[in-house]
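Per chain, numbering begins at 1; letters A, B, ... match sequence-line order.
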Amino acid sequence: MQKEIIRNMSNKVRVRFAPSPTGPLHIGGVRTALYNYLFAKKHGGTMILRIEDTDQGRFVPGAEEYIIDSLSWLGIKFDEGVHVGGPFGPYRQSDRKAMYLEYCDTLVNNNWAYFAFDSAEDLEALRKQFEAEKKSFQYDAQTRVTLKNSLTLPKEEVEKLLADGAPYVIRFKMPAHEEVHINDLIRGHVVVKTETLDDKVLFKSDGMPTYHLANIVDDHLMEITHVIRGEEWLPSAPLHVMLYKAFGWEDTMPQFAHLPLLLKPDGNGKLSKRDGDRLGFPVFPTQWTDPKTGEVSSGYRESGYFPEAVINILAFLGWNPGTEQEIFTMEELIQAFSIERISKSGAKFDLEKAKWFNQQYLRQHDNEFLALSFEILLEQKGIINSDHEMVLKIIELIKERVSFVNELWEQSKFFFVAPDTYDEQVIKKRWKEDTAQHLKSLADIINNTITHQREPLHDNVVQYITDNSLNMGQIMNCLRLVIVGAGMGPDLFTIIEMIGKEESIKRINKGINSINN
RNA sequence: GGCCCGUUCGUCUAGAUGGCCCAGGACGCUAGGUUUUCAUCCUAGAAAUCAGGGGUUCGAAUCCCCUACGGGCUACCA
């Protein structure tokens with residue numbers, strides 16, 4: 001009753017993201033969730049999280065929580081789902097178990113499905129046998145008449161088997177000579193002949209439905225209007241269309257959109273869990289520890305990516321707005337998104353571009369936010385009770401030099417600790433016989449400068465260089481070398497001002513000793 | 001093997017109804033400038049005979065066909 005009212009009230013968009021809890025969600029899955037979310041929000045629709053846990057053998061503890069938490073970190077919110085409830089629940093297929101058999105029975109009664117008693121071993125043997133003859137076995141209109149099922153067995157025997165509790169599956173009775181037409185929102189019109197399709201199992205002998213059955217029943221019951229999923233589902237889409245037909249639900253069948261795949265950055269093929277840590281970028285939104293093996297897979301969050309950046313990166317892998325704008329907030333993505341602008345071909349993940357996106361977002365964050373993040377990092381480096389004002393100043397100085405928060409340390413550690421190594425390249429190029437002597441004089445000059453401020457310090461040092469007709473680049477770079485440890489970093493005198501005269505002089509002496517020995 | 005999908009610079013891609021495209025942008029790369037360093041920033045540049053071949057057309061990256069290559073699926077997994 002309630003559902004009828006909802007349906008009649010509007011033909012509002014309702015989409016679902018339907019992962020199975022077999023492990024952490026990889027970025028391909030995250031992108032699917034994102035596109036569903038963008039589409040739903042664009043049309044003022046409803047975004048649903050449904051957990052497809054019909055394969056009890058592949059259930060992984062913690063995976064469902066992981067999916068919810070990682071999507072939440074990314075800002076992908078659900079209107080209905082396992083974790084938030086809603087009028088179309090339950091949203092976990094194992095909790096809907098009871099209803100599937102009922103639907104399956106109507107299919108059997110209408111001659112759209114049948115009981116099959118062939119054991120997994122029998123079928124396996126058959127497959128082997130076919131293979132030996134260089135043919136491939138398919139349980140279909142041609143072979144089903146030779147197999148052990150309610151189509152070939154006498155009615156009494158079927159009833160007896162069922163009554164005796166013999167293991168069985170229910171298979172879809174795929175018609176022999178029909179054409180299935182799919183109008184995919186991304187790929188256009190696709191036609192498939194039913195004779196190339198097999199009699200897929202709808203209901204397993206363990207009492208659970210397969211994905212195919214559960215997904216159609218649930219999408220129908222949950223009044224899903226658009227199914228946006230990965231291209232790997234395209235081959236089974238004809239079966240799904242046939243199921244809608246068999247149930248008599250064609251009129252409310254959702255529209256399909258099959259997304260292009262996310263490919264390995266090197267070579268070809270679908271991006272897989274293994275690729276990430278092999279190629280130096282995460283494939284998971286957040287870090288995941290395998291509950292069985294204890295194996296840890298890195299995540300974007302732990303690698304220092306901002307959630308906004310990950311969203312932006314993923315949004316552009318397979319979609320673009322057709323304008324030159326590349327940096328998009330979630331709100332802007334929602335406004336700009338359309339299924340028509342999703343590309344058909346697979347996209348490779350580009351690590352360099354991903355870094356660039358993160359850098360753009362890092363620059364957008366205010367210094368206060370970055371300082372707070374950096375202070376956590378500093379504590380891990382053993383810098384306790386750092387002066388907040390100083391950290392803020394440092395952020396300002398080096399913000400433009402990094403793409404990730406965790407790169408801030410490399411770019412600024414000389415503000416906190418004296419260098420204990422000195423860049424060999426710089427030594428080789430700049431360090432001369434008389435360098436140590438000049439640096440000693442500069443230490444005196446710094447010491448004798450009345451204030452610790454940048455300007456007078458700078459002027460006095462430059463004065464010394466000009467007075468002695470020295471090479472500016474050589475002396476300055478050597479001074480930088482002993483203060484910073486390398487030929488990098490922001491304005492030298494700003495650094496000296498910030499670490500103080502005393503510390504600077506110490507570093508000059510330490511540097512001279514280390515380098516000259 | 002069978003079925004299905006795809007193919008524009010190294011990568012992500014732009015390219016409504018064929019002419020404005022000897023193909024545009026971004027990342028990366030190269031060079032120069034700024035910065036007495038490095039990074040940033042600025043400027044310039046290299047980079048796709050639009051997978052190949054046939055058509056259709058006055059005209060095709062854009063339409064049609066074929067081929068090649070790549071990918072997905074082919075479980076009582078999703």
Side-chain angles (χ1 to χ4, degrees), chain A residues 18-22 52-55 57-58 116 118-120 123-124 127 130-131 134-139 167-171 182 184 186-188 190-193 195-198 200-212 214-215 229-238 258 260-261 263 265 267-270 313 316-326 340-341 343-357 359 363 398-402 411 423 426 429-430 462 465 471-481 484 486-492:
Chain A
S20 51
T22 54
E52 311 226 324
D53 57 346
T54 52
D55 185 356
R58 290 209 307 159
D118 320 86
S119 71
L123 295 176
E124 193 46 44
R127 267 187 202 103
F130 269 67
E131 210 175 304
K134 290 204 167 161
K135 289 188 287 188
S136 59
F137 171 74
Q138 204 170 249
Y139 209 122
Y168 69 91
V169 298
I170 298 175
R171 285 183 181 271
I182 302 164
D184 189 272
I186 295 169
R187 277 147 227 292
V190 179
V191 192
V192 181
K193 293 191 176 68
E195 53 262 41
T196 66
L197 270 21
D198 64 343
K200 276 276 176 313
V201 171
L202 299 178
F203 204 85
K204 299 184 274 186
S205 58
D206 66 357
M208 282 296 234
T210 60
Y211 166 83
H212 302 296
N215 135 74
R229 72 220 310 188
E231 193 186 352
E232 68 268 28
W233 292 110
L234 196 51
S236 52
H258 289 95
L261 263 18
L263 274 18
N268 294 304
K270 189 160 77 154
I313 292 163
F316 270 69
L317 245 31
W319 172 88
N320 82 86
T323 64
E324 297 208 328
Q325 184 182 351
E326 293 205 86
E340 297 78 69
R341 296 205 62 88
S343 41
K344 293 181 170 75
S345 46
K348 291 180 183 174
F349 183 88
D350 183 347
L351 180 59
E352 292 306 323
K353 186 96 186 219
K355 286 181 184 167
W356 177 82
F357 270 112
Q359 183 184 40
R363 288 177 185 187
I398 62 167
K399 192 177 182 176
E400 304 272 285
R401 317 170 85 87
V402 300
Q411 291 298 323
D423 192 312
V426 180
K429 190 173 173 201
R430 309 280 190 182
V462 170
I465 294 169
N471 180 303
M472 186 82 94
Q474 190 197 317
I475 297 299
M476 294 294 268
N477 281 301
C478 288
L479 183 57
R480 173 178 290 278
L481 182 66
V484 172
M488 51 90 89
D491 177 71
L492 223 205

Atom pair CD1/CH2 of A:Ile186 and A:Trp319 - distance to nearest 0.5 Å
13.0 Å
Taking only the side-chain nitrogens and oxygens of A:Ser136, find out if one of them lies under 4.0 Å from OP1 or OP2 of B:rG2.
no
If you restrict it to nitrogen or oxygen atoms, what contacts under 3.5 Å exist between nucleotides 67-73 of chain B and the protein, and what is each distance?
unit_1	atom_1	unit_2	atom_2	d
B:rG72	OP1	A:Lys270	N	3.2
B:rC73	OP1	A:Lys270	NZ	3.2

Over all strands shown, is A:Pro238 touching base, sugar-phosphate only, or nothing at heavy-atom distances under 4.0 angstrom?
nothing
Distance between the P atoms of B:rC12 and B:rU8, in whole angstroms?
8 Å
Side-chain contact, heavy-atom cut-off 4.5 Å: A:Gln138 with A:Thr196?
no
Passes side-chain contact (heavy atoms from CB on, under 4.5 Å), A:Val190 versus A:His258? Steps please.
CA-CA 12 Å; A:Val190 179; A:His258 289 95; over 6 Å; no
C1' atoms of B:rA48 and B:rC63, separation to the nearest Å
22 Å
Looking only at the side chain of A:Tyr211 (C-beta and beyond, no hydrogens), which of the listed nucleotides B:rU37, B:rC76, B:rA78 gets closest?
B:rA78
Base, sugar-phosphate, or nothing for A:Ala347, non-hydrogen atoms under 4.0 angstrom?
sugar-phosphate
For atom C1', what is the distance between B:rU62 and B:rA23, given to the nearest Å?
12 Å
Filtered N/O pairs between nucleotides 23-26 of chain B and protein, under 3.5 Å:
unit_1	atom_1	unit_2	atom_2	d
B:rG25	O4'	A:Glu324	OE2	3.3
B:rA26	O4'	A:Glu326	OE2	3.1
B:rA26	O2'	A:Glu326	OE2	2.4
B:rA26	O2'	A:Lys353	NZ	2.8
B:rA26	N3	A:Lys353	NZ	3.3

Over all strands shown, is A:Thr323 touching base, sugar-phosphate only, or nothing at heavy-atom distances under 4.0 angstrom?
nothing
Got a donor-acceptor contact below 3.5 angstrom from the A:Arg341 side chain to the A:Asn320 backbone?
yes
Name the nucleic acid region contacted by A:Asp423, choosing base, sugar-phosphate or nothing; use a 4.0 angstrom heavy-atom cut-off, strictly under.
nothing
Kindly indicate whether the side chain of A:Glu231, heavy atoms from C-beta on, has any atom under 4.5 Å from the side chain of A:Lys344.
no
Test item: A:Lys353 and A:Ile313 side chains (from C-beta on) under 4.5 Å apart, heavy atoms:
no
What distance, rounded to whole Å, do you find between the two C1' atoms, one in B:rG6 and one in B:rU67?
15 Å
A:Ser205 (side chain) and B:rC76 (base): donor-acceptor pair under 3.5 Å
yes
Donor-acceptor contact below 3.5 Å, side chain A:Arg430 vs main chain A:Ile475:
no
How about A:Tyr139 and A:Val201: do any of their side-chain heavy atoms sit closer than 4.5 Å?
no
Rounding to the closest angstrom, what is the interatomic distance between B:rA60 and B:rG52 at atom C1'?
16 Å
For the P atoms, the ones on B:rA14 and on B:rA31, what distance do you get once it is rounded to whole angstrom?
31 Å
Tell me which nucleotide, if any, is Watson-Crick or G-U wobble paired with B:rG1 when both distances must be under 3.5 Å.
B:rU74
If you assign A:Phe349 and A:Val190 each to the RNA chain B nucleotide with the nearest heavy atom, which residue ends up on the more 5' nucleotide?
A:Val190
A:Arg341 side chain near B:rC12 phosphate (N/O to OP1/OP2, under 4.0 Å)
no
Nucleotide paired to B:rU34 in any strand shown, Watson-Crick or G-U, under 3.5 Å
none
Has the side chain of A:Thr22 got a donor or acceptor atom that lies under 3.5 Å from a matching backbone atom of A:Arg58?
no
Quickly work out the A:Ile170 CD1 to B:rC76 P distance and round it to whole Å.
14 Å
Measure the distance from CG on A:Asp184 to P on B:rC5 and round it to the nearest whole Å.
10 Å
For the pair A:Tyr211 and A:Trp233, name the ring-plane relationship: parallel under 30°, tilted 30 to 60°, perpendicular over 60°.
parallel
Within the supplied structure, the quantity of interest is the number of heavy atoms (other residues, nucleotides, ligands) at a distance under 6.0 Å from A:Glu124 CD; does it exceed 12?
yes
How far does the C1' atom of B:rC9 sit from the matching atom of B:rA51, given to the nearest Å?
14 Å
A:Ser20 side-chain N/O to A:Asp53 backbone N/O, donor-acceptor pair under 3.5 Å
no
Taking C-beta and beyond as the side chain, do A:Ile182 and A:Arg187 meet within less than 4.5 Å on heavy atoms?
no
Taking the side chain of A:Arg171 as its heavy atoms from C-beta onward, which of B:rU37, B:rC76, B:rC4 lies nearest to it?
B:rC76
When both hydrogen-bonding distances must be under 3.5 Å and the geometry is Watson-Crick or G-U wobble, what is B:rC63 paired with, if anything?
B:rG55
Under a 3.5 Å limit on both distances, the Watson-Crick or wobble mate of B:rU40 is none
Partner nucleotide, any strand, of B:rA46 [Watson-Crick/G-U, under 3.5 Å]
none
Quick check against the 3.5 Å criterion: does A:Lys399 have a side-chain atom that pairs as donor or acceptor with the backbone of A:Arg363?
yes
So, is A:Lys204 close to the B:rC77 phosphate, meaning a side-chain N or O under 4.0 Å from OP1 or OP2?
yes
Base, sugar-phosphate, or nothing for A:Gly318, non-hydrogen atoms under 4.0 angstrom?
sugar-phosphate
Categorize A:Arg187 for me: base, sugar-phosphate, or nothing, with a 4.0 angstrom heavy-atom threshold over every strand shown.
sugar-phosphate
Would you mind classifying the nucleic acid contact of A:Val201 as base, sugar-phosphate or nothing, using non-hydrogen atoms under 4.0 angstrom?
sugar-phosphate
Strand partner of B:rG6, provided both Watson-Crick or wobble distances fall under 3.5 Å
B:rC69
Under 4.0 Å between a Lys/Arg side-chain N and an Asp/Glu carboxylate O for A:Lys200 and A:Asp198?
yes
B:rU11 pairs with, by Watson-Crick or G-U criteria that keep both distances under 3.5 Å:
B:rA26
Below the 4.0 Å mark, does B:rA78 have OP1 or OP2 next to a side-chain nitrogen or oxygen of A:Thr54?
yes
Could you tell me how far B:rC3 sits from B:rG59 if I compare only their P atoms? Round to whole Å.
37 Å
With distance as the sole criterion, do the side chain of A:Arg58 and the base of B:rC77 form a donor-acceptor contact below 3.5 Å?
yes
Across all strands, who's sitting opposite B:rU17 as a Watson-Crick or G-U wobble pair, both distances under 3.5 Å?
none
Taking only nitrogen or oxygen atoms into account, show me every contact under 3.5 Å that the protein makes with nucleotides 30-36 of chain B, one pair per line with its distance.
unit_1	atom_1	unit_2	atom_2	d
B:rU36	O2	A:Gly473	N	3.2

